[in-house]
A.B. asks: 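Mind having a look at this structure? Questions to follow.
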Number of protein chains: 2
Amino acid sequence: MSKSLTLTPVETVACCSPLVSAPLAEETAERIAPLLKAIADPVRLRLLSLVAAHADGEACVCDLNGAFDLSQPTISHHLKVLHEVGLLERSKRGVWVYYRARREALADLGSLIGGGL
Amino acid sequence: MSKSLTLTPVETVACCSPLVSAPLAEETAERIAPLLKAIADPVRLRLLSLVAAHADGEACVCDLNGAFDLSQPTISHHLKVLHEVGLLERSKRGVWVYYRARREALADLGSLIGGGL
DNA sequence: GATAGATATCGATGAATGTCGATGTCTACG
DNA sequence: CGTAGACATCGACATTCATCGATATCTATC
């Protein structure tokens with residue numbers, strides 16, 4: 001399978017000019033919307049921010065769970081959503097799982113929305 | 001009522017540091033998420049881009065309707081969502097309604113996501 | 001003021017989503 | 001190996017959401 005057929009949302013976002021520069025193609029919009037959906041939730045937005053702003057650039061799930069008034073499966077679910085679209089990287093070390101934010105993906109997404117101004 | 005109690009989502013987004021700089025407060029995340037939800041839909045993303053990239057910075061609903069394979073009420077609904085969060089401004093001239101993108105809101109949102117890198 | 005056209009609102013419906021408790025999997029350590 | 005702890009998956013439930021057809025509102029024109 002060619003790589004272009006398996007582009008993750010974060011790979012897609014790097015290739016488009018800003019919203020205000022040219023009308024977004026239908027196909028492009030449909031690939032980018034899932035990325036925005038992923039961060040369009042208060043819990044996931046905070047999760048992403050917590051991980052991205054964390055000291056070493058990564059955070060352990062064990063730390064994240066305590067930051068919310070939500071069950072452990074719910075946090076796990078939200079992390080999975082962020083991971084699936086490619087905004088978070090996962091690495092398991094021993095019993096613990098660490099997530100790391102993909103900063104260049106965030107930068108690309110940011111300039112897609114706010115760029116060209 | 002004081003103005004701070006009626007902050008629209010776009011007014012909120014201007015006041016926060018980027019995601020990666022510091023963990024987003026719960027309250028802040030809950031005010032910004034609706035903004036992201038508004039653009040986290042392929043149709044609305046294209047609508048916003050169509051309006052923002054349009055020649056005079058504004059677009060007539062009559063032009064937008066034809067760009068989608070959707071019913072007129074559906075387009076009207078999506079425009080309303082974008083308008084309610086403050087990403088689109090509405091102005092009626094005669095029988096026609098024109099929408100204009102709030103560029104500074106888009107810029108603020110973009111730097112919230114991609115800034116600080 | 002009756003008519004036509006542009007846009008918004010309403011009510012209904014099927015699909016997607018956030019949350020939970022229960023359970024499964026995997027790792028380390030007695 | 002059996003137990004404990006960290007995290008993921010599963011199945012269920014309530015809520016939200018995108019869409020539509022029907023209808024209302026508003027404006028210009030005849």
Side-chain angles (χ1 to χ4, degrees), chain A residues 9 24 26 29-51 54 58-100, chain B residues 9 24 26 29-51 54 58-100:
Chain A
L24 221 55
E26 179 175 357
E30 255 152 28
R31 278 198 239 163
I32 292 175
L35 245 179
L36 292 166
K37 266 198 177 97
I39 63 172
D41 177 273
V43 176
R44 287 196 292 266
L45 200 55
R46 284 181 63 205
L47 274 171
L48 183 60
S49 179
L50 274 171
V51 172
H54 201 266
E58 65 180 7
C60 176
V61 176
C62 52
D63 294 330
L64 300 173
N65 276 325
F68 297 85
D69 246 8
L70 294 170
S71 70
Q72 174 265 322
T74 298
I75 299 298
S76 185
H77 162 69
H78 286 307
L79 288 170
K80 183 184 182 183
V81 172
L82 288 167
H83 174 61
E84 279 174 344
V85 299
L87 286 174
L88 287 185
E89 284 171 351
R90 235 181 76 107
S91 70
K92 190 168 183 177
R93 291 206 288 279
V95 182
W96 294 280
V97 172
Y98 293 83
Y99 282 92
R100 173 181 298 271
Chain B
L24 221 53
E26 178 174 0
E30 254 151 29
R31 279 197 238 164
I32 291 175
L35 245 178
L36 292 166
K37 263 195 179 102
I39 62 172
D41 176 276
V43 175
R44 288 197 290 267
L45 200 55
R46 283 182 63 207
L47 274 172
L48 182 61
S49 179
L50 274 171
V51 172
H54 200 266
E58 65 178 9
C60 176
V61 176
C62 54
D63 294 331
L64 299 173
N65 275 325
F68 297 85
D69 246 7
L70 295 170
S71 72
Q72 174 265 321
T74 298
I75 299 299
S76 185
H77 162 70
H78 286 307
L79 288 169
K80 184 183 181 182
V81 172
L82 289 168
H83 174 61
E84 279 174 345
V85 298
L87 286 173
L88 287 185
E89 283 170 352
R90 233 181 77 109
S91 69
K92 189 168 183 179
R93 291 204 288 279
V95 182
W96 294 279
V97 172
Y98 293 82
Y99 283 93
R100 172 181 298 272

A.B. asks: Closer to the 5' end of DNA chain D via nearest nucleotide, is it S71(B) or C62(A)?
C.D. replies: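 The residue closer to the strand's 5' end, by nearest nucleotide, is C62(A).
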A.B. asks: Rounded to whole Å, how long is the line connecting atom CG of L45(A) with atom C1' of dG18(C)?
C.D. replies: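 Between C1' of dG18(C) and CG of L45(A): 16 Å.
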A.B. asks: In whole angstroms, how far is the C1' atom of dT19(C) from the NZ atom of K80(A)?
C.D. replies: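 Taking NZ of K80(A) and C1' of dT19(C), I get 15 Å after rounding.
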A.B. asks: Sub-3.5 Å donor-acceptor pair from the side chain of H54(A) to the main-chain atoms of A59(A), do we have one?
C.D. replies: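 A pair under 3.5 Å: no.
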A.B. asks: Figure out the CZ/P separation between R46(B) and dA18(D), and round it to whole Å.
C.D. replies: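 Taking atom P of dA18(D) as the reference, CZ of R46(B) is at 16 Å.
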A.B. asks: Just the rounded figure in Å: distance from P of dC7(D) to NE2 of H83(A).
C.D. replies: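 After rounding, the reported distance stands at 15 Å.
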A.B. asks: Calculate the interatomic distance between L36(A) atom CG and dT17(C) atom P; express it in whole Å.
C.D. replies: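 Between P of dT17(C) and CG of L36(A): 14 Å.
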A.B. asks: Can you tell if the side chain of S91(A) reaches within under 4.5 Å of the side chain of E89(A), non-hydrogen atoms only?
C.D. replies: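 SC-SC contact between S91(A) and E89(A) ruled out.
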A.B. asks: Under 4.0 Å, heavy atoms only, any strand: does I75(A) hit a base, just the sugar-phosphate, or nothing?
C.D. replies: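 Nothing: the residue I75(A), judged by heavy atoms under 4.0 Å, touches no strand.
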A.B. asks: Round to the nearest Å and state the distance from F68(B) atom CZ to dT19(D) atom C1'.
C.D. replies: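 Going from F68(B) (CZ) to dT19(D) (C1'), I get 14 Å.
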A.B. asks: Side-chain donor-acceptor pairs under 3.5 Å in residues 64-78 of chain A, sequence neighbours left out?
C.D. replies:
| from | atom 1 | to | atom 2 | distance (Å) |
| --- | --- | --- | --- | --- |
| S71(A) | OG | T74(A) | N | 3.4 |
| S71(A) | OG | T74(A) | OG1 | 2.9 |
| H78(A) | ND1 | R44(A) | NH1 | 3.1 |

A.B. asks: Going by heavy atoms in the side chains, are I39(B) and L82(B) under 4.5 Å from each other?
C.D. replies: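 I39(B) reaches L82(B) side chain to side chain.
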A.B. asks: Ignoring backbone atoms, establish whether R90(B) has a side-chain N or O less than 4.0 Å from OP1 or OP2 of dT7(C).
C.D. replies: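 Indeed not, no polar side-chain atom of R90(B) lies that close.
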A.B. asks: OP1 or OP2 of dA8(D) less than 4.0 angstrom from a side-chain nitrogen or oxygen of Y99(A), does that happen here?
C.D. replies: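 Affirmative; the distance criterion is met.
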A.B. asks: Determine, for nucleotides 23-29 of chain C in 5'-to-3' order, which nucleotides have protein heavy atoms under 4.0 Å from the base (write B), from only the sugar-phosphate (write S), or from neither (write -).
C.D. replies: ---SSS-
A.B. asks: For L70(B), report the nucleic acid contact type (base, sugar-phosphate, nothing); a contact means any heavy atom under 4.0 Å.
C.D. replies: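 Sugar-phosphate contact only - L70(B) comes under 4.0 Å of backbone atoms but never of a base.
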A.B. asks: Examine dC20(D): is either OP1 or OP2 under 4.0 Å from a nitrogen or oxygen in the side chain of T74(B)? Give yes or no.
C.D. replies: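 Answer is yes, contact under 4.0 Å.
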A.B. asks: Distance check: side-chain N/O of H77(B) vs OP1/OP2 of dC10(C), anything under 4.0 Å?
C.D. replies: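 H77(B) to dC10(C) OP1/OP2: no side-chain N or O under 4.0 Å.
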A.B. asks: Could you tell me the separation between the OH atom of Y98(B) and the P atom of dC26(D), rounded to a whole number of Å?
C.D. replies: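 Distance, rounded to whole Å: 20 Å.
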A.B. asks: Whole angstroms only, please: what is the CZ-C1' distance between R44(A) and dG18(C)?
C.D. replies: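 That distance rounds to 8 Å.
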A.B. asks: With DNA chain C as reference, determine whether H78(A) or W96(B) sits nearer its 5' end, using the nearest nucleotide of each.
C.D. replies: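 With H78(A) and W96(B) compared, the 5'-side residue is W96(B).
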A.B. asks: Do the side chains of R46(B) and E26(A) get nearer than 4.5 Å, heavy atoms only?
C.D. replies: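 SC-SC contact between E26(A) and R46(B) confirmed.
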A.B. asks: Salt bridge (charged side-chain N to carboxylate O under 4.0 Å, His left out) with R90(A): which residues, sequence neighbours excluded?
C.D. replies: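 Not a single residue meets the salt bridge (charged side-chain N to carboxylate O under 4.0 Å, His left out) criterion with R90(A).
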A.B. asks: Do Y99(A) and E58(A) touch side chain to side chain, with heavy atoms closer than 4.5 Å?
C.D. replies: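 In short, these two side chains do not touch, never coming nearer than 4.5 Å.
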